[in-house]
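Below: one structure, written as structure tokens.
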There are 4 protein chains.
Amino acid sequence: MAPLNEEQLQQIRDERKEQIIEAALRVFARRGIIGTKMSMIASEAGISAGLLYRYFNSKDELFTTLVQQAIDESIAGIKSIYQLPGTPLDKIKTLTAEILNEGSQFYFMLMHHARTSDEVPITAKKLIEENTMKTYIDILEPLFIEGQKKGEIAEDNPSELISCYLSLLSGLMTVNIQGDENYQIPKVDLLLRFIVRPS
Amino acid sequence: MAPLNEEQLQQIRDERKEQIIEAALRVFARRGIIGTKMSMIASEAGISAGLLYRYFNSKDELFTTLVQQAIDESIAGIKSIYQLPGTPLDKIKTLTAEILNEGSQFYFMLMHHARTSDEVPITAKKLIEENTMKTYIDILEPLFIEGQKKGEIAEDNPSELISCYLSLLSGLMTVNIQGDENYQIPKVDLLLRFIVRPS
Amino acid sequence: MAPLNEEQLQQIRDERKEQIIEAALRVFARRGIIGTKMSMIASEAGISAGLLYRYFNSKDELFTTLVQQAIDESIAGIKSIYQLPGTPLDKIKTLTAEILNEGSQFYFMLMHHARTSDEVPITAKKLIEENTMKTYIDILEPLFIEGQKKGEIAEDNPSELISCYLSLLSGLMTVNIQGDENYQIPKVDLLLRFIVRPS
Amino acid sequence: MAPLNEEQLQQIRDERKEQIIEAALRVFARRGIIGTKMSMIASEAGISAGLLYRYFNSKDELFTTLVQQAIDESIAGIKSIYQLPGTPLDKIKTLTAEILNEGSQFYFMLMHHARTSDEVPITAKKLIEENTMKTYIDILEPLFIEGQKKGEIAEDNPSELISCYLSLLSGLMTVNIQGDENYQIPKVDLLLRFIVRPS
DNA sequence: TATGAATGAGCGTTCATTCAT
DNA sequence: TATGAATGAACGCTCATTCAT
């Protein structure tokens, strides 16, 4: 019954906040900003609705936090491609496979809602406007050019090629849904065929 | 002085209904079923909110009508590929270009909401469950097989190839948004490269 | 196609108005003022909703007209007792039987709504306030006193006796409903037993 | 600091629910189901409109609850006649006086609306259909027969006599209104005169 | 910190009333 | 005169947010 010390309290707070963020991501991703009720996030996080407000001032703030996080993680994820082993094309294949299989789908869906919905808080809107596809193209361009030099990658305009690659990937991740057994994420090799230089 | 005759009234009713359906498609597509307020549809259609209810009994009914229409038109659209001129690959290219350029984007977005949202009316849910990707695969399979025989189309499993093609197309159409100048619909030739048999 | 002359038009107007009043009485009586939609009255009268407003400026005015009519007719009805044949008790029995059997039930139900509902237009409220039970007591008192003198009628205070008689009658007429076969309007002799002087 | 414990919460909930039920009875009784706005009940109960919905899912559910309660209490009330002291006629007089004086009037008015209005929820409609006058006649019949044997009660068909008694009572309770000083609930002895066997 | 009762603004829907024909 | 399309105010209900405990 002794009161917790400062440090322990802070730790509880951090854990709770993480709990909430993860719960919110799952719910917002599936249901969008209006479709999501604060009570849903609360019950997904296993806490009461009122407690949410000790960690986030409003639904908007919570949503915006998630958008920020999605942007940060997606940039970091793309940048990580340079740490991967192998030739440029190897790297691209590995990263693509990781994205397709891994749990990043929630982020794609969240960002789709954030881009499409009109109810998005202005702050989040701004974050999105500053985070255009150009950001990602700039990161990937050196790698694609290197791949083209090596003759691995098709000789199109690299920027256009990357844009197309990202659009396809993003479309797949956003649209992919359970419930239609005919709807399957394509195999990586099939998907990347349009990047690969015909031999 | 005299009231309008039956024919004139019917014409007014038909026009209004069409007006509403078009307005509703635009709004639902962008904002989803919950994000869409009946007043938005009304003002998009240039009529009062109350008048909507002389044509559709409820928001749900209106939404369901649109889903039905989207399904009908998409099936008709896919079937129309057989009327196009040229070889199988020609046909596929032409149809793909049409889809990418034409205004069918609203239907894709609507269907995405209809598939994803939990607030979709049961009737619409049923329509969607009955309308899996298999419907479209079955329509396109003969054409793809013919293309493979002619050596135009890659030698993958045709059903898988079509599924991949449709997934990519559907993802692009759903995700594609105004507002990001870097986000461009890929050129048809680029997109279809993974279908074409490498020469 | 020749235009109707003034007289014919007036006749049409009068018929229409009567049509509407009768329809409105039936609907208001059963459903009360709020439960009644103008469209119900219109369709009960076999005309369009818009046309109602050429005869009555508003729902309130129509309702008030009916209340006025109900009051007028009820007073006339009570007064008519003096035209009936026989002794005072005979007259009372005859009138009671007439009321119980005849179609005056709609008026009782209407007046019940008018007295109970808070949505009644002020004008109607005033009519009702001016039309207390005293009006009817005053009309009937001479008859009851005469009956008492003749030894036909119980020796209670006449005013109280009449009030009780009217309350019971009015309660029966208001509450009596189809649909419960056990709910039967009592026989006149049974009902009047408390008025009759025990022999 | 600590949240309320389960017991305290339950007590608050019970009190609120009772508050709402009492308020709703008063308002529904006077205004009927359509005439009653949820906001009226809320302000009569001294709470906000939104809070109503934590206790009752809908206006219909609230109304139906009241109908159920009215039926239960009326049956219990009638049955309680056998606990009263004295001869059958004494019992009947006492119960009648109790009903006429006591606050059961709201229940009569509520049931009148429930029986008459077309907007009554189906569940309530069913309750009412199952609760005909026969229920009450069956309860009272033995008592009336006993009274007839004792020579206290008139020698009419007992079932008919009870039906008449209940109709009159129910009519009085339904119709009786404040606001007309001439409209007075009759004295019990006067009212019951038609039951009593003439000496 | 944590809970859940309480509030009130906002949306879907209905309906009295108006108006063009 | 007669019609029915059109409007908009009002009510039932939901949910983000606050607050007492």
Side-chain angles (χ1 to χ4, degrees), chain A residues 3-4 8-9 12-13 16 34-42 46-60 62, chain B residues 1-6 8-10 12-13 15-16 34-42 46-60 62, chain C residues 3-4 8-9 12-13 16 34-42 47-60 62, chain D residues 1-6 8-10 12-13 15-16 34-42 46-62:
Chain A
L4 299 175
Q8 289 171 310
L9 281 176
I12 291 182
R13 280 192 66 81
R16 278 267 177 281
I34 321 189
T36 296
K37 300 167 197 169
M38 287 301 262
S39 60
M40 291 171 173
I41 298 177
I47 63 175
S48 76
L51 189 53
L52 284 180
Y53 287 83
R54 306 272 294 184
Y55 294 89
F56 297 92
N57 290 313
S58 69
K59 190 175 170 178
D60 279 6
L62 178 48
Chain B
M1 284 300 173
L4 295 173
N5 64 40
E6 190 52 40
Q8 290 169 310
L9 285 175
Q10 195 51 48
I12 290 181
R13 288 189 62 81
E15 281 170 15
R16 282 276 171 281
I34 324 186
T36 296
K37 298 162 200 168
M38 289 301 262
S39 59
M40 292 171 174
I41 297 177
I47 63 177
S48 74
L51 189 55
L52 285 180
Y53 289 85
R54 307 242 323 167
Y55 294 89
F56 296 92
N57 291 314
S58 66
K59 190 175 171 178
D60 278 6
L62 178 48
Chain C
L4 300 174
Q8 288 170 310
L9 281 176
I12 290 182
R13 281 193 65 82
R16 279 269 177 278
I34 321 190
T36 297
K37 301 168 197 167
M38 289 301 262
S39 60
M40 291 171 174
I41 298 176
I47 62 175
S48 75
L51 188 52
L52 284 180
Y53 288 83
R54 306 273 293 184
Y55 294 89
F56 297 92
N57 290 313
S58 68
K59 189 175 170 178
D60 278 6
L62 178 49
Chain D
M1 286 299 174
L4 295 174
N5 64 39
E6 190 51 40
Q8 289 169 312
L9 285 176
Q10 194 51 48
I12 290 181
R13 286 188 64 81
E15 282 171 14
R16 282 276 171 280
I34 325 187
T36 296
K37 299 161 199 169
M38 288 302 263
S39 59
M40 292 171 174
I41 298 177
I47 63 176
S48 74
L51 189 55
L52 284 180
Y53 289 86
R54 308 244 319 169
Y55 295 89
F56 295 93
N57 290 313
S58 67
K59 188 175 171 178
D60 278 6
E61 184 184 310
L62 178 49

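Throughout, a chain's letter reflects where its sequence line sits, starting with A, and its residues are numbered from 1. The figures here come from the full heavy-atom set of this structure, side chains too, leaving out hydrogens, waters and symmetry mates. Bear in mind that the values here come from a model prediction, so they are computed numbers and not experimental data.
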Would you kindly give the CD-to-P distance between B:Glu6 and E:dT21, to the nearest whole Å? 18 Å

Between A:Asp60 and D:Ala49, name the one whose nearest nucleotide on DNA chain F is closer to the 5' end. D:Ala49

Calculate, to the nearest 0.5 Å, the distance between atoms OG and OH belonging to B:Ser48 and B:Tyr53 respectively. 11.0 Å

Taking any heavy-atom pair under 4.0 Å as a contact, classify D:Leu52: base, sugar-phosphate, or nothing. nothing

How far does CD1 of D:Ile47 sit from CD1 of D:Ile41, to the nearest 0.5 angstrom? 9.5 Å

Please report the distance, rounded to the nearest Å, between CD in B:Gln8 and C1' in F:dT3. 12 Å

So if I take every side-chain heavy atom of A:Leu51 and compare against F:dA2, F:dT17, E:dT1, which nucleotide ends up nearest? E:dT1

Where the side chain of D:Lys37 is concerned, which of E:dA2, F:dT7, F:dC11 is the nearest nucleotide? F:dC11

Figure out the CD1/P separation between B:Ile47 and F:dT7, and round it to whole Å. 7 Å

Gap between atoms CE and P, on C:Met40 and E:dC15 respectively (whole Å): 7 Å

Within the pair D:Tyr53 and E:dT7, is there a side-chain N or O less than 4.0 Å away from OP1 or OP2? no

Using atom types as modelled and distance alone, determine if a side-chain donor or acceptor of B:Gln8 lies under 3.5 Å from a backbone N or O of B:Asn5. yes

With nearest nucleotides of DNA chain E determined for C:Gly50 and D:Ser48 from heavy-atom distances, which residue corresponds to the more 5′ nucleotide? D:Ser48

Within-4.5 Å side-chain heavy-atom neighbours: C:Lys59 and C:Leu62: no

Calculate the interatomic distance between B:Ile34 atom CD1 and F:dT14 atom P; express it in whole Å. 13 Å

Is the NZ or CZ atom of A:Arg16 both under 6.0 Å from the centre of the six-membered ring of A:Tyr55 and within 45° of that ring's axis? no

Which is true for C:Arg16 with a 4.0 Å heavy-atom rule: it touches a base, it touches only sugar-phosphate, or it touches nothing? sugar-phosphate

D:Lys59 has its side chain closest, among E:dT1, E:dA16, F:dG12, to F:dG12

The reported gap from CE in B:Met38 to OG in B:Ser58 (rounded to nearest 0.5 angstrom) is 7.0 Å

Pairing partner of F:dC13, by Watson-Crick or G-U wobble and under 3.5 Å for both distances, is E:dG10

Among F:dC13, F:dA6, E:dT13, find the nucleotide with the atom closest to the side chain of B:Ser58. E:dT13

CG of D:Asn5 versus P of E:dA2: gap in Å, rounded? 19 Å

Between C1' of E:dT3 and CG of D:Leu9, the distance in whole Å: 8 Å

State which of F:dA2, F:dG8, E:dT17 makes the closest approach to the side chain of C:Met38. E:dT17

Contact under 4.0 Å: D:Tyr55 side-chain N or O vs E:dA6 OP1/OP2: yes

Identified pairing partner of E:dT21, criterion: Watson-Crick or G-U wobble below 3.5 Å: F:dA2

Of the nucleotides F:dT1, F:dA16, F:dG4, which one has an atom closest to the side chain of C:Arg13? F:dT1

Whole-Å gap separating P (E:dC19) and CD1 (B:Ile12): 17 Å

